[in-house]
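Residue numbers begin at 1 in each chain, while the letters A, B, ... track the order of the sequences. Everything quoted here is computed from the prediction, not taken from an experiment.
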2 protein chains.
Amino acid sequence: MPATRTPSDVDTRTRIVTAAAGLMQRGGYQTMSLKQIGAEASVSGGSIYHFFPGGKEDIAVAAVIHADEEFADFLRSSLATREDPADAVEACAEHLARRLEESDWVDGCPLTATGLESVGRSDAIRSAVAAAFEHWSTVVADRLVEGGLDRSRAATLGTTVVNSLEGAEVAAQMTCDAGPLLTSGRHLAELVRAVS
Amino acid sequence: MPATRTPSDVDTRTRIVTAAAGLMQRGGYQTMSLKQIGAEASVSGGSIYHFFPGGKEDIAVAAVIHADEEFADFLRSSLATREDPADAVEACAEHLARRLEESDWVDGCPLTATGLESVGRSDAIRSAVAAAFEHWSTVVADRLVEGGLDRSRAATLGTTVVNSLEGAEVAAQMTCDAGPLLTSGRHLAELVRAVS
DNA sequence: GTCTATAATCTGATAGAC
DNA sequence: GTCTATCAGATTATAGAC
């Protein structure tokens, strides 16, 4: 996703949400300012409050929901590139690594920083992030069941796959190196292949 | 680690650093203000700049280095509670889960949020966080070698263990549930037990 | 719906007395 | 070394014209 502004032919509310999601991806909630959102969405300051009377927190919740659905789509399509479920998980890690490197290591998970910043400050944001993580876990779990795995094994593996890729992506961003993600992908594939 | 202020019988610089590390743990870099640091460390505003002429960024780098060493100690002692390397990794996840729950899900990794916020903004902070992650990975890898694993296998497993626990801890904080950490611990133990 | 103007507050940082 | 006082700028949010 290049750093272009949101096109102006989509409705104002959507432009605000996508701009906020992008800014949260590059630095989290506190780093993002309403001024920046207005600039990237081509919406002047006060207008933002017409769509989001709850202010910045409201925008963040909407942006989290937006990012949730967007990444779920990415997950589904990425997991569909290979037939074998273990290969699919490994391919997913590779796609994540490629996407991250192409953005110069800045476009990681749009939710991690925001979620951590919201702990003890905004239950609305925190629980929206929690819902997204759980959603992604079920997307992976469903794909594993489809690939022949036992449902309960698939459920726990789903959360581990999502959380491990999450952590590995952070490490990749810190070191500007795809290594952690690729290594994680291989290890997760190992786990999916294991019988128990 | 309870939310008490730093005792005043340690030197001023150390009080500033530990206060900053604690604040970064609960909300990251941008959420932390110099005013808060001064209050928690019982140091009035201007004095902070006597020890950290580089300002907030300088303090953050020192706090990252402090948290690096502190968590490395935790890792070493936690990994020493079991003889079998796989059991040691699983115990480590359990200790992490207990510590997190005891803090009401707020005292997670002191570096994740700060690291993500620093991407594209402060190379000094970002590379300090990267060094900490790599340090922790070698601590785990050394313990795995000590437990009989092949050195190259131990090296890659070390990064996966650290990054997976990292991601699982974030998920645990979001859901206020130890589940993700415990599940991750079991899966990582499985990986350590696997031959290849 | 969208805009400009502005209020009220907080921010990081500096200067200078002691 | 530590303090108080203060600067200049940014922040979220609101009011009201169009």
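Relative ring orientation between B:W136 and B:F133 is described as tilted, the plane-to-plane angle lying within the 30° to 60° band.
No side-chain heavy atom of B:T159 sits less than 4.5 Å from a side-chain heavy atom of A:P180. The shortest side-chain heavy-atom distance between A:R151 and A:D142 falls under the 4.5 Å cut-off.
Taking both residues in full, the closest heavy atoms of A:E190 and B:A194 are given as OE1-CB, 4.0 Å, listed atom of the first, atom of the second, then distance.
The closest donor-acceptor contact from the side chain of A:S164 to the backbone of A:V161 lies at 3.5 Å or more, if one exists at all. Listed for the B:R82 side chain is no donor-acceptor partner under 3.5 Å among the backbone atoms of B:D87.
Between A:I48 atom CD1 and C:dT4 atom P the separation is 12 Å, expressed in whole Å.
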Listed pairs, N/O of protein and of nucleotides 11-15 of chain C, under 3.5 Å:
from	atom 1	to	atom 2	distance (Å)
C:dG12	OP1	B:M32	O	3.3
C:dG12	OP1	B:K56	NZ	2.9
C:dG12	OP2	B:L34	N	2.9
C:dA13	OP2	B:Y49	OH	2.7
C:dA13	OP2	B:K56	N	2.9
C:dA13	O5'	B:Y49	OH	3.0

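At least one cation-pi condition fails for B:R121 and B:Y29: the charged atom is not both under 6.0 angstrom from the six-membered ring centre and inside a 45 degree cone around its axis.
Scanning for salt bridge (charged side-chain N to carboxylate O under 4.0 Å, His left out) contacts around B:D58 gives an empty result, with sequence neighbours left out.
For DNA chain D, the span of nucleotides reached by chain A at under 4.0 Å from its heavy atoms goes, 5' to 3', from D:dT11 to D:dT14.
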